[in-house]
Participant: 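Got a structure for you, written out below as structure tokens; questions coming shortly.
Every chain is numbered from 1, with letters handed out A, B, ... down the list of sequences. Remember, predicted model here, so these are calculated numbers, not experimental data.
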There are 2 protein chains.
Amino acid sequence: MDIAEVAKASGLPASTLRFYEEKGLIRSTGRNGLRRLFSANVIERLALISLGRSAGFSLDEIGEMFTAKGPDINRALLIAKADELDRTIEELASMRDGLRHAAICKAPNHFECPKFLRLLRIAGKNRGRQPNKLKENKLKRGV
Amino acid sequence: MDIAEVAKASGLPASTLRFYEEKGLIRSTGRNGLRRLFSANVIERLALISLGRSAGFSLDEIGEMFTAKGPDINRALLIAKADELDRTIEELASMRDGLRHAAICKAPNHFECPKFLRLLRIAGKNRGRQPNKLKENKLKRGV
DNA sequence: GCTTGACTTAAAGTTGACTTGAGCTTGTAT
DNA sequence: ATACAAGCTCAAGTCAACTTTAAGTCAAGC
């Protein structure tokens, strides 16, 4: 397949495919002149990469998993990520409840509302750099 | 309070406080010479900002909420965010289940495993730019 | 009176995952 | 044979939320 086909099949722009190749996440099987050729299984690989990304792995982590010696992926890593997701989910659930409450709450000042204060404490734990997460998936692909 | 006190009380570095002020998220009440003075309620405001950040609002969105005219613009926004969190939580839960499964699954190739394939489809939906989310909260504050 | 240290500003740097642009090359259709 | 859309490379740009750095100000303690 040429890069355009892979792009279409995977939904990723060609630039991303080149980028992934450069990072060692995928491989092109050869060239037709200058042009990259990919074998069909790159699609699976890309699906796996998408999966990893959605689960919160960085590209570097995903790359490590692919080069891991054993035929099986790093189980401990997977489980650790799953546990991390559990914690994240709990936090997000609290947030969601808090937001819903805040939207309804009659208290003149949220700081007088115990529910809100509890929320605040949870938020307080979540003190890390959060670049810009969980934002809208605008499809600007069309531009 | 001077900036050091606010920093201590809020846990945020002074640089962040200046940054937030520049962004219009907080206000200093005046100066002592060059030095900013803050009133105590900036602490509450910062807690609110933290809360918003944890809930997935961007700083710009938080800024808008603070300056929003109508009282129910907030409500709609809060509810929308809560709904968004619901969707996110569902996705993350699927991811978590998938990861746990992948760590256990005996299938020679995950692509032969129906559970895994289902996971992949969910991941596929999650096709947006995800900068680098949900990562570790290393406390590098001490440096 | 001078050093020190906490503060100030403005500008540039950081991170991760890409995207974009400039300037070439080339397979393919006419 | 030639035009041109699609590929290519390499470098630089983007975004968000900060952090870092350089250079300067200033009150207080010795």
Participant: Taking 4.0 angstrom as the limit, do B/Arg18 and B/Glu21 come out as a salt bridge?
Facilitator: no

Participant: Is B/Ser15 close enough to D/dT20 that one of its side-chain N or O atoms is under 4.0 Å from OP1 or OP2 there?
Facilitator: no

Participant: Could you report the tightest heavy-atom contact between B/Ala9 and B/Met1, atom names first, then the distance?
Facilitator: CB-CE, 4.5 Å

Participant: Would you check if there is a donor-acceptor pair between the side chains of A/Ser54 and B/Glu91 at a distance under 3.5 Å?
Facilitator: no

Participant: Are A/Lys23 and A/Asp60 close enough for a salt bridge, meaning some N to O gap below 4.0 Å?
Facilitator: yes

Participant: How long is the line joining CD of B/Glu61 and P of D/dA16, in whole Å?
Facilitator: 11 Å

Participant: Taking the basic N atoms (NZ, or NE/NH1/NH2) and the acidic carboxylate oxygens, is any pair closer than 4.0 Å for B/Arg118 and B/Asp97?
Facilitator: no

Participant: Specify the separation, in whole Å, of atom CD1 of A/Ile49 and atom C1' of C/dG16.
Facilitator: 15 Å

Participant: For A/Asn32 and for A/Phe19, find the nucleotide of DNA chain C with the closest heavy atom, then tell me which residue's nucleotide is more 5'.
Facilitator: A/Phe19

Participant: Within less than 4.0 Å of OP1 or OP2 of C/dC18, is there a side-chain N or O belonging to A/Tyr20?
Facilitator: yes

Participant: Give the rounded distance in Å between these two atoms: CG of B/Leu46 and P of D/dC18.
Facilitator: 11 Å

Participant: CZ of B/Arg53 versus P of D/dA16: gap in Å, rounded?
Facilitator: 11 Å

Participant: Is B/Asp86 paired with A/Arg96 through a side-chain N to carboxylate O contact shorter than 4.0 Å?
Facilitator: yes

Participant: Show me the protein contacts with nucleotides 1-11 of chain C, counting only N or O atoms at under 3.5 Å.
Facilitator:
residue	atom	partner	partner atom	Å
C/dA6	N3	B/Arg35	NH2	2.7
C/dC7	OP1	B/Asp2	OD2	3.3
C/dT8	OP1	B/Arg36	N	2.7
C/dT8	OP1	B/Arg36	NH1	3.1
C/dT8	OP2	B/Arg18	NE	2.9
C/dT8	OP2	B/Arg18	NH2	3.0
C/dT8	O5'	B/Arg36	NH1	3.4
C/dT8	O3'	B/Arg31	NH1	3.3
C/dT9	OP1	B/Arg31	NH1	3.4
C/dT9	OP1	B/Arg31	NH2	2.8
C/dT9	OP1	B/Arg36	NH2	3.1
C/dT9	OP2	B/Arg36	NH1	2.7
C/dT9	OP2	B/Arg36	NH2	2.5

Participant: For A/Gly33, answer base if it contacts any base atom (sugar-phosphate contacts may also be present), sugar-phosphate if it contacts only those atoms, and nothing otherwise; contact means non-hydrogen atoms under 4.0 Å.
Facilitator: sugar-phosphate

Participant: C/dC18 P sits how many Å from A/Ile26 CD1, rounded?
Facilitator: 12 Å

